[in-house]
2 protein chains.
Amino acid sequence: MTAVATDLHTTAARRLAASGQRYTSSRRAIVEVLVRTQAPMTLPDILSADTTLAQSSAYRNLSELIAADVVHRIVTTDEHAHFELAEDLTEHHHHLICSSCGSVTDFQVPAAVEAELDRALGQIAERETFAVDHHRLDLVGRCQNCG
Amino acid sequence: MTAVATDLHTTAARRLAASGQRYTSSRRAIVEVLVRTQAPMTLPDILSADTTLAQSSAYRNLSELIAADVVHRIVTTDEHAHFELAEDLTEHHHHLICSSCGSVTDFQVPAAVEAELDRALGQIAERETFAVDHHRLDLVGRCQNCG
DNA sequence: CTCAGTGCAAAGGATTTGCATGCCG
DNA sequence: CGGCATGCAAATCCTTTGCACTGAG
């Protein structure tokens, strides 16, 4: 996984290239902010972390990054969407979503549970003729701060 | 569970009353549409299923129903939010979310898997000092129609 | 009577888009 | 040079809100 992190930018560049896009400095800046923060961020979060970014360009670049599977968009009940690096650039994980302040934190479950879950979900998908892209397991509640 | 379904409207009325609200005919109409459809619906879906409803009132009534825990709001990547009956009025279930057409379908997992999952999640919540309200397990992919 | 509920129209707010300019390849 | 990328401002679109009216208790 550390190897992946090392050339994360190379991977990002390659994926963008695959969709005929460039890995410009703005796009790289967004990815760097996400790497640095290590948590799903809203657009305002991203803009304040790097004030040189223009709002519309940030949204547009995020769209490209999402299309290229470099970034993933998380929807919560919060008014803003949250953005984070694609799972395969980090590690498979889940989210703790605070219904009070809207914050999103990552967590992982034991591999055994994850495997069991995948098996069960696989069967269901087959039964429902549904082509699974990925699963999403979140815990909704109140975070430490909102107690 | 069938008993619950029988006096679902009674339950809805009671819960609204608990928040000092009435179970008016519009609200009942919304609940009936949701019961009839048996699937999470968007606001346009609801309006076209019962054309006597006004848009703003529908939104307002849904808010009350959500506050009274009669209806639950599901957020997807789709532009519209989806609404469905609260889980305890139906049964604990999860969602198949189509990333192509945005449709949402229900499914359930074996009780054993569910129990195992709850156990694992409970430990995590404790470790993270997170007060879990509920968990959310969705499968994202392509539905039968979108192949 | 009173006050919650309703409907219309207008406002709000995150996200998207049009367009002229800048810059990489 | 040519076309993608950028930034500003304006437009979009789901959702919420203001306000006057209606109806149930």
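We use all heavy atoms of the structure for the numbers below, so side chains are in, but hydrogens, waters and symmetry mates are not. So you know, we letter chains A, B, ... as the sequences are listed, proteins then strands, and number each from 1.
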Tell me the interatomic distance from [X], atom [atom1], to [N], atom [atom2], rounded to whole angstroms.
X: His82(B); N: dC14(D); atom1: NE2; atom2: C1'; value: 13 Å
X: Ile30(B); N: dG5(C); atom1: CD1; atom2: C1'; value: 12 Å
X: Ile74(A); N: dT15(C); atom1: CD1; atom2: P; value: 13 Å

Exercise for review: Can you sort out which residues in residues 37-70 of chain B have a heavy atom within less than 4.0 Å of DNA chain D? Ascending by number, please.
Suggested key: Gln55(B), Ser56(B), Tyr59(B), Arg60(B)
Review point. Does any residue of residues 19-27 of chain A have a heavy atom under 4.0 Å from DNA chain D, and if so, which ones, in number order?
Key: Gln21(A), Arg22(A), Thr24(A), Ser26(A), Arg27(A)
Review point. What do you reckon, is CD of Gln108(B) surrounded by more than 12 foreign heavy atoms closer than 6.0 Å?
Key: yes
**Study point:** Any His80(B) side-chain nitrogen or oxygen under 4.0 Å from OP1 or OP2 of dC13(D)
**Key:** no
Exercise for review: Would you please confirm or rule out a distance under 4.0 Å between OP1 or OP2 of dA5(D) and any side-chain N or O of Arg28(A)?
Suggested key: no
Review point. Do any pairs count as a side chain to side chain donor-acceptor pair (under 3.5 Å) and have a residue in residues 45-67 of chain A, sequence neighbours left out, and if so which ones?
Key: Arg27(A)-Asn61(A), Thr42(A)-Asp45(A), Asp50(A)-Thr52(A)
Review point. Tyr23(A) vs His9(A) aromatic rings, parallel, tilted or perpendicular, using cut-offs 30° and 60°?
Key: tilted
Review point. What orientation do His135(B) and His94(B) show, parallel under 30°, tilted 30 to 60°, or perpendicular over 60°?
Key: parallel
Review point. Given side chains that start at C-beta, do those of Leu96(A) and Val104(A) come closer than 4.5 Å, heavy atoms only?
Key: no
Check your understanding: Does some side-chain heavy atom of Asn145(A) sit less than 4.5 Å from a side-chain heavy atom of Cys101(A)?
Key -> no
Review point. For His93(A), does its backbone N or O pair with a side-chain atom of Glu87(A) as donor and acceptor, under 3.5 Å?
Key: yes
Practice item. Verify side chain to side chain contact (heavy atoms under 4.5 Å, CB included) between Thr90(A) and Val35(A), making sure each step is shown before the conclusion. Key: CA-CA 9 Å; Thr90(A) 56; Val35(A) 172; over 6 Å; no
